[in-house]
Amino acid sequence: MVVAPGGAAAPGEGGDQARVGEVPPEAAARGVVGTEKAVRWVWDDTGRWYPRLLADGVRVERCLDLRLAHRLLRGAAATAGSRLATTPSGPFDAAGAAEPDRVESLFDVATPQERPDEDALLAEIGAQDEAVADHPRLRLLLVAESAGALAAAEMRHTGLPWDRRVHDEVLAEQLGPRPTGDARPPRMAELAEQVRTELGAPRLNPDSLPDVLRELRRNGLPVTSTSKWELIGLDHPAVAPLLAYKKLSRLHSANGWAWLDRWVPDGRFRPEYVVGGVVTGRWGSSGGGALQLPKSIRRAVRADEGWCLVVADAAQLEPRVLAGLSHDERMAEAGRGRDLYQGMVDAGVVGSRDHAKLGMLGALYGGTTGQSAAVLPRINRAFPLAMAHVETAARAGERGEVVSTLLGRSSPLPGAQWNQVQADALDDEAGASAQSRARAQTRAWGRFTRNFVVQGTAAEWALCWIAEVRRRLWALGEQGDAGRAPEPFARRPHLVYFLHDELVIHAPQELADEVSAQVRDAAAAAGRLLFGDFPVDFPVSLASARSYADAKD
DNA sequence: GCAATAAGCGCG
DNA sequence: AAAGCGCGCTTATTGC
């Protein structure tokens, strides 16, 4: 029995009684944690406790995050009738600790987060246990999500190794030298001037969308917005510099010098991952745009001296997940031991890899137009089970019903406004516009639920993958005393980045091959965990290099 | 003068 | 050529 500081004791695998108590971090650091394999720490919020433990050099092997679990179970169709889901909202419905160490200011309007006391913790454990008693897959989801929370905290703790000098080089190459103050970087200033000249608008601010649109139209260009796709292909000398300006402007504002100073002060980028932050169960992020790092600056992600980055990408994850979900053996076969899209070409489903990809995305997203829709009938014929699966989800959504992922995360119900629009369309007085609005909205929700089951189950696969990788990496480093406080990861390979279907591991150079093998095996293990004996492959593309960009391409 | 919103674009 | 899903972030503009 081990207790979390201010949290609850773990109900051991053997079903011991849970107990609550306090363990000062120093005691934990002396070896309470991580040495007893069977221990699962149970606490209200990983983001609240784990950063402090990590700071004290303590690595936690397993946990149950009651807040994450609570939210999942409250929303899951399978546990809708449980005591947990039907009682009024309590402390576990509060938002997580966004900034665990933040000092609450006197002027905070929001009420301070309500902390569950010991009785509440025990009651919550009991209620959750009761809710999932007959739902082993939900139980798996809870521990997978909790493992994800541990990984997220650890990645923030160690940070993504970032070379400020390389980042500055990339910026200087594209934007010119860093300007002083608020001035536009040289290259942007030149392009702005070109745009003004070509449009005959000497005072135009290219950052003002309405002004740019007005000047484009004044020059006879038939555009309705200033978006890239409307501009591409227009025959006018202002278009090229304008597009170039927008590109640089994006880089400068989103990942320029200001970003670098703010988010990478010390050679490590430490984003906050928001586990389960997306409705589908994907992770979100907060601060620094961690999940939108443009490819052009990934050169700056560089391993320490003597270390490398192992970059792993789950190939065609979502189609493979759909094959597993729907038990579509022909689809699984197309992806066995090869690129799934190429497999579709080989099987004669489509004529080219591009068509395969386009059509598959249309199937997953509910595309109804263009080339994507044109390919759909062929996919429908080749993989009827897969298509039926997403179609069923879409129809359920159109009826306003809930759909669920493989492990049991459920989609939200459409909001009050959705119902209102539907009701309005049924009114005797309803006009054609009200009806078409309702129809469009119906289809939109169907596209959402269609994608939900696939994206959500893919997120579950990824959680299992990351949990398994995390476990194996730790085991890899077990020789010697490398894992002792004060810095558990200083001499071990460790996760540093996660992007939906992609992992980056910072590893000692000599372990690169071993790490790669473990990551690959972990993907296979995740597949078995979700889909059992159903023969669907989850191949991983792997590369190691000093820089993220080099490993990717 | 400040907060909310929209447009646009980066990622999967 | 984007479209069809899910996000976060910045800037300018709109609304109060």
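Order of the sequence lines sets the chain letters (A, B, ...), proteins ahead of strands, with each chain counted from 1.
The phosphate of B/dG12 has OP1 or OP2 within less than 4.0 Å of a side-chain N or O from A/K295. Dashed line: the shortest gap from a side-chain N or O of A/K228 to OP1 or OP2 of B/dG10 is under 4.0 Å. For A/T226 and B/dG8, the shortest distance from a side-chain N or O to OP1 or OP2 is below 4.0 Å. Residue A/K246 places at least one side-chain N or O closer than 4.0 Å to OP1 or OP2 of B/dC9.
For A/W259 and A/W162, the ring centers sit closer than 6.0 Å to each other.
Between A/Y497 and A/Y273, the ring planes are tilted. Angles from 30° to 60° get that label. The aromatic rings of A/W465 and A/W461 lie tilted to each other, with the angle between the two planes from 30° to 60°.
For A/S208, the listed nucleotide lying nearest its side chain is C/dA12; candidates were B/dC11, C/dT11, C/dA12. In the set B/dC9, C/dT11, C/dC7, the nucleotide with an atom closest to the side chain of A/V279 is C/dC7. Nearest to the side chain of A/V278, among C/dG8, B/dC11, C/dG6, sits C/dG6. Here the nucleotide nearest the side chain of A/R447, chosen from B/dA7, C/dG8, C/dC5, is C/dC5. Minimum atom distance to the side chain of A/T280 is reached by C/dG6, of the listed C/dG6, C/dC9, C/dA12. Picking from B/dG12, C/dA3, C/dA12 the nucleotide with the shortest atom distance to the side chain of A/S372 gives C/dA3. Nearest nucleotide to the side chain of A/Q292, out of C/dC9, C/dT10, B/dC9: C/dC9. Nearest nucleotide to the A/F448 side chain, out of B/dC11, B/dG12, C/dG6: C/dG6.
Across all strands shown, C/dG4 remains unpaired; no Watson-Crick or G-U wobble contact has both distances below 3.5 Å. Nucleotide C/dT14 forms a pair with B/dA3, judged by Watson-Crick or G-U wobble geometry with both contacts under 3.5 Å.
Glycosidic conformation at C/dG4 (O4'-C1'-N9-C4 for purines, O4'-C1'-N1-C2 for pyrimidines): syn, within 90° of 0.
Judged by closest nucleotide on DNA chain C, A/R282 is the one of A/R282 and A/A290 placed further toward the 5' end.
Distance A/R450 CZ to C/dG6 C1': 15 Å, rounded to the nearest Å. Atom-to-atom, CH2 of A/W229 to C1' of C/dA2 comes out at 7 Å; the value is rounded to the nearest Å.
Put simply, the side chain of A/E154 reaches to within 4.5 Å of the side chain of A/Y50, judged on heavy atoms.
Tested against A/R450, the residues A/H389, A/E391, A/Q455 include a single side chain to side chain contact (heavy atoms under 4.5 Å, CB included) partner, A/E391.
Judged by distance alone, with hydrogens and angles left aside, A/R250 brings a side-chain donor or acceptor within reach of the base of B/dC9, the pair sitting under 3.5 Å. Judged by atom type and distance alone, A/Q455 does not reach the base of C/dG6 through any side-chain donor-acceptor pair under 3.5 Å.
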